[in-house]
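Convention: sequence-line order gives letters A, B, ...; per-chain numbering from 1. Side chains included, hydrogens not; waters and symmetry mates left out as well; all remaining heavy atoms used.
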2 protein chains.
Amino acid sequence: MLSIGKLSAATGVKVPTIRYYEQIGLLPEAERSAGNQRLYGPKAQERLGFIRHARDLGFPLEAIRELLSLSDRPDIPCAAADQIAKRQLAAVHARISRLQALQAELERMIVQCAHGRISDCRVIGVLGNHQLCLHDDHGEAGQG
Amino acid sequence: MLSIGKLSAATGVKVPTIRYYEQIGLLPEAERSAGNQRLYGPKAQERLGFIRHARDLGFPLEAIRELLSLSDRPDIPCAAADQIAKRQLAAVHARISRLQALQAELERMIVQCAHGRISDCRVIGVLGNHQLCLHDDHGEAGQG
DNA sequence: CTAGGTCCTCTAGCGACTAGAGCTTCAAGG
DNA sequence: CCTTGAAGCTCTAGTCGCTAGAGGACCTAG
């Protein structure tokens with residue numbers, strides 16, 4: 001049985017975060033020692049490892065909750081888990097495209113900076129003027 | 001003079017967001033009509049356009065605040081603005097690399113999904129098992 | 001003059017934590 | 001056995017960048 005600190009060290013999840021996960025019901029309520037301190041067995045460690053890993057991959061906690069409830073019933077088809085992963089992949093795709101556009105624009109801004117006065121500076125100029133900008137639409141700002 | 005609603009329509013920034021920007025001091029306090037409603041001139045519109053644009057590019061509000069304070073003094077050198085843009089670019093680079101690794105892993109998970117039972121499912125399996133995973137370190141999770 | 005759309009202020013909520021106050025418990029050393 | 005200090009506990013509030021809603025005031029078109 002591990003204390004919360006040892007569990008934290010073992011999984012790389014910070015102590016307050018573990019308590020937070022318990023609070024929102026992502027982890028079951030931990031057993032307690034005589035002195036009311038949390039104790040964790042290997043199952044809890046595994047579950048927390050799963051959560052940690054999924055968070056690393058950018059899954060939101062709600063998706064992880066779903067994934068966990070799925071993995072609690074090993075006899076159902078995995079299409080649902082597949083779907084969740086695909087949704088996550090699509091979100092990641094979108095984020096990458098967006099960031100790449102952004103990167104291009106920042107590079108352009110920096111290259112064009114006259115290194116003179118602010119009034120000549122592209123960094124300020126581009127941001128203040130939609131004409132000088134790569135994305136000139138201003139309808140969608142979707143950021144999953 | 002535009003009402004807040006017209007300004008919102010003109011810039012694509014939502015009404016409560018405009019009030020929020022005023023509240024945190026990113027926009028100056030607006031003039032008011034006889035009936036206490038906000039009125040905006042072209043300067044405010046320009047400033048809000050700048051903010052909107054910088055937000056689109058992923059600048060945090062604090063960086064925008066800095067940029068704005070820079071552009072309020074057009075006689076100083078633009079090295080500071082340049083620095084901010086470069087800092088942003090570095091952060092964007094890092095985000096992209098991270099997301100690309102993530103994308104690779106998600107694709108691997110999905111491709112390998114056995115389309116069978118949850119118990120065989122890669123999505124669950126990979127998440128529960130560090131051995132099956134590309135990133136096997138678990139120290140940093142830095143996400144800007 | 002009325003209807004309803006827009007505006008006002010204020011407060012609370014989102015996700016996913018993080019930080020701090022003020023207390024208790026535990027493990028190691030003397 | 002006693003002390004010390006690290007680690008644990010609960011609770012609340014803060015972070016970022018908004019967003020939503022309540023409950024009212026105002027403004028404009030018909």
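In this entry the distance linking CD of B:Glu29 with C1' of C:dT9 reads 14 Å, nearest Å. In this structure, A:Arg65 places its CZ atom 10 Å from P of C:dA16, rounding to the nearest Å.
Taking every heavy atom of both residues into account, A:Gln45 and A:Ala10 meet most closely at NE2-CB, 3.7 Å. Closest approach of A:Glu66 to A:Ser69, counting heavy atoms only: O-OG, 2.8 Å.
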Next on the checklist: Test side-chain contact (heavy atoms from CB on, under 4.5 Å) on A:Arg52 and A:Asp56; report intermediate values, then the result.
Outcome noted: CA-CA 6 Å; A:Arg52 151 82 213 232; A:Asp56 271 6; 2.9 Å; yes

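Under the 4.5 Å side-chain heavy-atom criterion for grouping Ile, Leu, Val, Met, Phe, Trp and Tyr, A:Ile18 is not connected to A:Leu39 through any hydrophobic cluster.
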Item to check | Nucleic acid footprint by protein, nucleotides 8-30 of chain D - heavy-atom cut-off 4.0 Å, B for base, S for sugar-phosphate alone | outcome: SSB------BBS------SS---

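Looking at A:Arg55 and A:Tyr21, their side chains come closer than 4.5 Å, going by heavy atoms from C-beta outward.
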